[in-house]
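Shown next, in structure tokens, is the structure this report addresses.
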Amino acid sequence: MKIFDTLSVTERYLDTSDVVRIYLCGVTVYDESHIGHARTIIVFDTLKRYLETKNIKVKLIQNFTDVDDKIINRAKKENSSADMITSRYITNYFEDFDRLQVKRADLYPKATEHITDMIDLIKGLIDKGFAYVSKNGVYFSVLKFNGYGKLSKKHVEELVAGARVEVDETKKDPLDFALWKFSSEPPMWDSPWGRGRPGWHIECSAMSLKYLGNNFEIHGGGRDLIFPHHENEIAQSESFTGTNFAKIWMHVGMVTINGEKMSKSLGNTKSIDYVLKRWGPNIIRLFCLSGHYSKPIDYSEDMLKETVTKWRQVENCYFEMNLAENIQTRPELLNQIHEITNETNLEFGNALDSDFNTSLAISAFFKLVKHVNQMASAETLTREISDIVLPVFHRMSNIFGLKLVEITEKEKTRISDLIKLRNTLRLEKKFQDADVIRKQISDMDITLIDHKTRTTWMKQEKIGIEN
RNA sequence: GGUGAGGUGGCAGAGCGGCUAUGCGUUCGCCUGCAAAGCGAAUCUAUAGGGGUUCAAAUCCCUUCCUCACCUCCA
């Protein structure tokens with residue numbers, strides 16, 4: 001499998017001979033998570049699912065930034081403590097992402113639980129001459145690391161000229177960034193240099209090195225983290241270990257809202273809770289995976305509505321297969337369906353192996369769905385064919401993290417009895433009575449589909465916006 | 001200003017030297033007691049403008065124009 005690496009600006013082969021170690025920069029827990037976080041995390045969740053279906057072991061680590069100025073400010077504003085804020089939003093995070101059908105990562109390390117690891121790292125950097133203590137804290141000496149700028153393709157001279165870096169007389173160079181900030185109010189910890197709290201970037205270096213080693217397979221996050229966060233991580237980690245840091249840097253594109261950047265100041269952020277209430281998890285996942293992960297994607301009502309239509313076709317296909325009758329399959333169709341499923345599998349795998357092209361993989365999936373729906377429409381879909389297609393269908397929907405509504409045998413029997421009754425009434429042209437039964441069935445969230453010779457049904461996911 | 005990514009049919013979005021991507025929308029049709037869903041056909045020889053390379057270019061090169069992101073916290 002190849003993945004585009006931001007650092008080398010080329011597609012690189014992912015080493016799958018052993019455990020694939022992935023570090024994903026998670027969220028700062030000071031507010032609700034939004035659709036932008038959702039996209040990045042859904043992409044990595046899908047990647048993990050895909051690798052795992054290929055029997056590749058994955059170790060996914062995703063941190064929580066739970067010490068940060070924004071958290072402190074929020075705590076002050078609410079007259080609360082940083083702990084209260086972070087624990088509230090960590091709980092909120094899991095509620096959101098469980099609903100989004102995101103599988104749990106292997107570990108969710110918190111910055112506050114790794115203070116000593118960070119202190120050790122900073123010590124090492126000072127010993128090696130890459131960091132120094134000043135009046136306000138401990139700083140990393142950017143100019144000492146000669147690879148600085150290699151990820152974001154920035155030149156040190158231009159960064160200095162940019163002059164948008166914070167002015168701080170106590171730093172040796174304006175580009176230097178904080179590893180440790182002195183502070184006399186909580187949250188704070190003791191350190192060899194004085195009380196304070198860690199800078200933002202050091203936590204990811206400390207935790208990724210601790211749990212994944214010096215040179216792990218993938219480091220991921222949103223595009224906006226390339227500079228300065230990931231650039232600084234590289235500087236710290238490589239200065240400390242003396243070797244290369246992550247093998248592949250995988251960055252996910254931004255989510256825009258009606259073509260505009262999503263930001264607090266514009267007031268156009270869409271929280272996960274909001275989008276889930278409106279569209280539900282399957283639509284959101286399908287939407288997030290509908291374009292290539294590296295490109296921006298635009299959230300708009302129209303696009304989401306379009307996704308709903310797509311999803312209905314998948315549901316239709318699923319129910320047609322589940323309700324297919326055990327009748328004789330036309331022999332030529334049997335060969336055809338084997339061919340189609342093989343082709344779909346191939347196309348699907350090729351797409352994902354080639355820089356995780358979920359857009360193409362989804363189109364392969366939809367081709368299969370279309371074929372099944374065609375067969376259903378032509379009354380040629382049988383139990384035998386469905387049994388061939390269903391494992392393929394399930395494998396793909398599982399990789400995308402899509403979840404079809406479950407139906408029990410009891411429900412099946414109950415509905416099939418009602419359908420028989422209704423069809424008898426229809427034959428007797430007692431349409432009003434038949435409609436009463438249809439209403440009764442639709443009250444169970446079930447939609448009937450009348451074919452030429454039989455009636456099937458589906459239990460569709462309820463979409464908030466349609467009610 | 002610097003750096004990077006792009007500009008593909010009404011829309012979304014793949015392809016990245018030769019082969020209808022795919023999906024949505026719209027219109028018409030099939031099916032139906034009515035509906036819903038589904039299916040079929042059309043829209044659909046679309047590749048920002050101009051040069052060039054090539055037997056062949058959306059795909060490679062040059063150039064012009066435009067868009068977006070990052071350069072401050074951000075997924």
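To find a chain, count down the sequence lines: A is the first, B the second, and so on, and within it residues start at 1. As the structure is a prediction and not an experimental result, all values here were calculated from the model.
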Between [Y] and [X], is the closest basic N to carboxylate O distance under 4.0 Å?
X	Y	result
A/R104	A/D98	yes
A/R422	A/D417	no
A/R312	A/E315	yes

Is there a Watson-Crick or G-U wobble partner for [N] with both distances under 3.5 Å, and which nucleotide is it?
N	value
B/rU26	B/rA42
B/rA58	none
B/rU3	B/rA69

Can you tell me the distance, in whole Å, between the [atom1] atom of [X] and the [atom2] atom of [N]?
X	N	atom1	atom2	answer
A/Y89	B/rA75	OH	C1'	17 Å
A/D302	B/rG25	CG	C1'	10 Å
A/L368	B/rU22	CG	P	15 Å

Considering only atom [atom1], compute the distance from [N] to [M] and round it to an integer number of Å.
N	M	atom1	value
B/rA58	B/rG25	P	29 Å
B/rC65	B/rA75	C1'	33 Å
B/rC11	B/rA48	P	13 Å
B/rG23	B/rG18	C1'	26 Å

* Can you find a side chain N or O atom of A/K370 that sits less than 4.0 Å from OP1 or OP2 on B/rG40? ->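 The answer is yes; a side-chain N or O of A/K370 sits under 4.0 Å from OP1 or OP2.
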* **Polar side-chain contact A/E306-B/rG23 base: donor and acceptor under 3.5 Å** =>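 Present.
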Just the atom pairs and distances: protein N or O near nucleotides 35-37 of chain B's N or O, under 3.5 Å.
unit_1	atom_1	unit_2	atom_2	d
B/rA35	N6	A/D450	OD2	2.9
B/rA35	N3	A/R438	NH1	3.1
B/rA37	O2'	A/N316	ND2	2.5

* **A/E233 (side chain) donor-acceptor with A/H201 (main chain) under 3.5 angstrom** =>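 No; zero donor-acceptor contacts below 3.5 Å.
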* Asked: Within the side chain of A/R49, is there an N or O that forms a donor-acceptor pair under 3.5 Å with the backbone of A/F400?
  ->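 Flag not set: sc A/R49 to bb A/F400 has no pair under 3.5 Å.
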* Asked: Base, sugar-phosphate, or nothing: which does A/F227 touch, judged by heavy atoms less than 4.0 Å apart?
  ->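 Touches sugar-phosphate only.
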* To do: May I ask you to say what A/M254 touches in the nucleic acid, namely base, sugar-phosphate or nothing, with a heavy-atom cut-off under 4.0 Å?
  =>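 Answer is base: heavy atoms of A/M254 come under 4.0 Å of a base.
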* To do: Take A/H37 and A/E32 through the test side-chain hydrogen bond (donor to acceptor under 3.5 Å, both in side chains) and record every step on the way to the result.
  => CA-CA 10 Å; A/H37 300 119; A/E32 279 185 299; over 6 Å; no
* side chain to side chain contact (heavy atoms under 4.5 Å, CB included), paired with A/T28, selected from A/D66, A/V67, A/D68 ->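 Between A/T28 and the candidates, side chain to side chain contact (heavy atoms under 4.5 Å, CB included) is satisfied uniquely by A/D68.
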* Test side chain to side chain contact (heavy atoms under 4.5 Å, CB included) applied to A/Y293 and A/T46, A/L47, A/V43, A/N357, the passing residue ->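 Option passing the side chain to side chain contact (heavy atoms under 4.5 Å, CB included) with A/Y293: A/V43.
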Please tabulate the protein-to-nucleotide N/O contacts below 3.5 Å involving nucleotides 13-17 of chain B, giving atom names and distances.
unit_1	atom_1	unit_2	atom_2	d
B/rG13	O2'	A/S359	OG	3.1
B/rA14	OP1	A/H292	N	2.7
B/rA14	O3'	A/N357	ND2	3.0
B/rG15	OP1	A/N357	ND2	3.0

* A/L24 side, atom CG; A/H219 side, atom NE2 - distance, nearest 0.5 Å ->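 NE2 of A/H219 is found 8.0 Å from CG of A/L24.
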